[in-house]
> 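The following block contains the structure, expressed as structure tokens.
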Amino acid sequence: MFYQVYVRSFADANTDGVGDLRGVRDRLGYLSLLGIDALWLTPFYRSPMADHGYDVADPRDVDPIFGNLDDLDELIRAAHQEGLRVTIDLIPNHTSDRHPWFMAAGSAPPGSAERERYFFRPGRGPDGAMPPNNWLSVFGGPAWSRLPDGEWYLHLFAPQQPDLNWSHPDVVADFEQTMQFWLDRGVDGFRLDVAHGMAKPADLPDMAEPQAPGVLKHADHEADPRFDNDGVHDLHRMIRRVADKYADRVLTGEAWVVDDDRLARYVRPDELHLAFNFRLLEADWNAEMFVEAITHSLNAMSSVDAPPTWVLSNHDMDRHVTRYGGGELGTRRARAAALVQLALPGVAYVYNGDELGLPNVELPDEALQDPVWERSDHADRGRDGERVPLPWNGAEPPYGFTEGPGTWLPMPADWGGLAVEAQLDDPDSMLSLYRNALEIRREHPAMSGDEVQWFGAPTGCLAFRRTGGLVCALNAADELVPMPPGEVVLSSGPLEDGMLPPDTAAWLV
Ligand code: GLC
């Protein structure tokens with residue numbers, strides 16, 4: 001059971017309004033109480049923050065905004081003492097444009113060795129004024145930017161995130177060094193950013209049909225040469241070899257790959273251990289879509305004997321309370337979805353704030369910071385709405401997130417009831433639901449085994465049984481439905497005369 005800490009938004013210890021490593025350390029007691037096993041910390045490396053830390057200028061140091069290396073060591077030590085593992089984010093696909101390599105490349109002439117660690121190419125058309133190919137940036141606009149000397153460089157994300165050339169031995173050697181640097185400090189593993197990127201086809205062919213921009217859509221390798229190239233698997237094997245020099249470390253890949261069999265390739269026995277299943281996160285509030293997402297993922301993973309990895313929200317996608325309709329309805333559905341997610345075999349990731357039932361926040365234009373907003377010419381508001389700082393206590397912003405005067409994104413005036421303190425002792429709160437569910441998931445023998453057996457269920461509903469005997473039933477339809485037989489051990493909302501109401505899930509044994 002992993003918990004994703006979006007470090008900027010979790011807890012701020014130094015009062016600058018941005019979350020930091022000491023803030024995480026100070027709240028480890030809360031995470032223990034919640035009942036998770038491991039953390040995933042989003043990037044805290046030295047960065048100009050063009051993409052909030054996913055643009056890394058020095059992958060082996062902590063950005064002062066988040067603290068320093070001693071703070072990280074202390075966090076790892078304290079987490080281990082609490083019995084929590086610590087995994088961190090690594091960003092292999094690109095660096096910051098302020099990374100020493102890219103700075104050197106920018107001041108070196110076209111054709112120089114310094115440029116070979118990235119993708120520099122002459123343009124097309126008269127005077128090379130057109131980009132070298134038709135690839136689009138995931139964040140909008142062309143995936144190429146031009147330097148004053150006329151050469152173009154590739155960036156699948158923001159222009160401040162130039163793509164690394166993984167055919168270059170320096171890139172491989174440096175990444176190994178970075179992994180070892182953190183593994184030696186005691187981190188328990190990595191989440192690999194854009195794990196389906198990295199390898200590019202040598203001739204950088206045009207895309208068949210330029211995919212519309214939009215943050216991270218599933219890539220189809222047939223039509224989209226930017227992602228999921230076969231060459232990426234040798235790189236993951238290399239990464240696995242480094243991790244295997246240490247005992248008990250885990251590698252989780254972010255691989256947005258359309259095809260289940262292609263996704264399974266990332267978790268073959270000599271590659272990564274886990275790969276996020278984003279199909280569940282992409283499914284609408286619809287039992288058939290849930291069943292399909294779950295079945296696909298289980299089949300894909302069982303073909304390579306890897307555990308499935310379930311996720312409902314993260315820092316890149318609208319929060320599920322909002323996706324399922326927002327307000328009371330969205331919250332009721334989010335409670336039910338949590339019971340589906342947490343009943344499944346394998347690994348689950350909770351995104352910080354899922355356990356509080358946080359919705360997305362509609363931020364005013366002037367507050368928006370995600371590069372997607374500018375890159376899309378304001379067509380896409382970006383991901384700030386799911387990154388608003390967490391409310392801890394009190395009735396008004398900043399709800400104990402910081403003792404400073406402001407927060408890096410404004411917090412809504414009506415989040416007092418969602419604060420941790422307000423939910424802790426309320427048996428009906430989202431937080432209590434998560435704590436109960438996690439305890440059962442951890443301790444109940446009915447949760448054992450890898451198999452999921454589907455039951456016939458009324459239209460708009462689903463029901464499955466785990467090997468150990470736990471049954472999970474979800475009613476995503478509009479009418480009351482009968483419950484499967486068994487004793488209810490947890491439900492996401494009140495039952496009515498033994499029937500399962502709409503937008504409700506229950507666990508039975
Ligand atoms: C990943 C991250 C996302 C980031 C992108 C570029 O998808 O999750 O937040 O913007 O990679 O590094």
Side-chain angles (χ1 to χ4, degrees), residues 2 4-10 19 40-57 59 63 87-99 102 118 135-141 143 154-164 166 175 178 190-198 200 211 213-219 224 226-228 232 251-257 263 266 272 274-278 281-282 309 311-319 349 351-352 360 368-376 380-388 408-409:
F2 281 81
Q4 179 189 354
V5 176
Y6 191 69
V7 180
R8 290 184 81 80
S9 299
F10 187 69
W40 153 28
L41 303 174
T42 55
F44 48 74
Y45 316 111
R46 283 206 182 251
S47 163
M49 306 290 165
D51 186 21
H52 286 144
Y54 283 96
D55 49 319
V56 180
D63 195 277
T87 69
I88 64 177
D89 222 312
L90 286 184
I91 297 100
N93 183 67
H94 42 264
T95 67
S96 160
D97 62 346
R98 305 282 91 192
H99 187 290
F102 195 78
Y118 295 91
W135 293 6
L136 293 176
S137 150
V138 171
F139 290 166
L154 177 69
H155 52 86
L156 293 185
F157 295 87
Q160 297 89 339
Q161 293 167 296
D163 277 55
L164 282 165
W166 273 82
F175 195 77
T178 299
F190 304 108
R191 175 262 190 189
L192 291 153
D193 188 67
V194 196
H196 59 321
M198 303 156 75
K200 315 281 187 304
Q211 199 181 16
V215 180
L216 301 162
K217 297 207 180 85
H218 275 115
D224 185 350
R226 298 174 305 171
F227 294 108
D228 192 29
V232 79
L251 301 167
T252 306
E254 181 207 29
W256 288 87
V257 176
L263 180 64
Y266 287 80
L272 308 178
L274 305 171
F276 291 113
N277 155 39
F278 291 119
L281 179 154
E282 288 180 315
T309 302
V311 49
L312 289 175
S313 283
N314 64 29
H315 64 298
D316 292 326
M317 310 300 285
D318 284 347
R319 285 184 175 276
Y349 274 74
Y351 175 47
N352 58 196
N360 262 52
L368 297 181
Q369 303 194 21
D370 185 357
V372 169
W373 170 239
E374 291 301 333
R375 293 281 302 167
S376 71
D380 183 340
R381 298 186 74 74
R383 301 162 292 174
D384 296 312
E386 59 262 26
R387 297 175 176 180
V388 170
W408 73 279
L409 290 171

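We count ligands from 1, going down the list as the structure has it; atoms in each ligand are counted the same way.
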> Looking at His155, His94, Lys200, which one forms a side chain to side chain donor-acceptor pair (under 3.5 Å) with Asp163?
Lys200
> Indicate the ring-plane relationship of His315 and Tyr54, choosing parallel, tilted or perpendicular according to the 30° and 60° boundaries.
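Geometry flag for Tyr54 against His315: parallel rings.
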> Counting only heavy atoms closer than 4.0 Å, does ligand 1 sit against the backbone of Arg191, its side chain, both, or neither?
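Near ligand 1, Arg191 shows its side chain, while the N, CA, C and O stay back.
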> Could you tell me whether His196 approaches ligand 1 through its side chain, its backbone, both or neither, with non-hydrogen atoms closer than 4.0 Å?
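The answer is neither.
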> Centroid-to-centroid, Phe276 to Tyr349, below 6.0 Å?
yes
> Are Val311 and Phe2 close enough that some pair of their side-chain heavy atoms sits under 4.5 Å apart?
no
> Evaluate Gln160 against Asp97 for side chain to side chain donor-acceptor pair (under 3.5 Å), listing each step before the verdict.
CA-CA 5 Å; Gln160 297 89 339; Asp97 62 346; 5.6 Å; no
> Which of the atoms of ligand 1 are close to Arg383, meaning less than 4.0 Å from one of its heavy atoms?
3 (C), 4 (C), 9 (O), 10 (O)
> Pick one of side chain, backbone, both or neither for how Phe276 approaches ligand 1, counting any non-hydrogen atom pair under 4.0 Å.
neither
> Which residue from Val194, Asp193, Asp370 reaches closest to atom 2 (C) of ligand 1 through any of its heavy atoms?
Asp193
> So, for Trp256 and Phe278, is the gap between ring centers shorter than 6.0 Å?
yes
> Within the 4.0 Å heavy-atom shell around His315, which atoms of ligand 1 are there?
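Every atom of ligand 1 under 4.0 Å from some heavy atom of His315: 2 (C), 3 (C), 8 (O), 9 (O).
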> Short list, please: which atoms of ligand 1 are under 4.0 Å from a heavy atom of His94?
6 (C), 12 (O)
> If the cut-off is 4.0 Å to any non-hydrogen atom of Gln161, which atoms of ligand 1 fall inside it?
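Within the 4.0 Å cut-off of Gln161, ligand 1 contributes 6 (C), 12 (O).
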> Would you mind telling me which of Leu192, Asn93, Asp316, Asn314 makes a side-chain contact (heavy atoms from CB on, under 4.5 Å) with Glu254?
Asp316
> Do NZ/NE/NH1/NH2 and the carboxylate oxygens of Asp51 and Arg383 come within less than 4.0 Å?
yes
> Determine whether any heavy atom of Trp256 lies closer than 4.0 Å to an atom of ligand 1.
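No, Trp256 has no heavy atoms under 4.0 Å from ligand 1.
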> Which atoms of ligand 1 are found less than 4.0 Å from any heavy atom of Glu254?
1 (C), 7 (O), 8 (O)
> For Arg387, counting its heavy atoms only, list the atoms of ligand 1 lying under 4.0 Å from any of them.
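In order of number, 9 (O).
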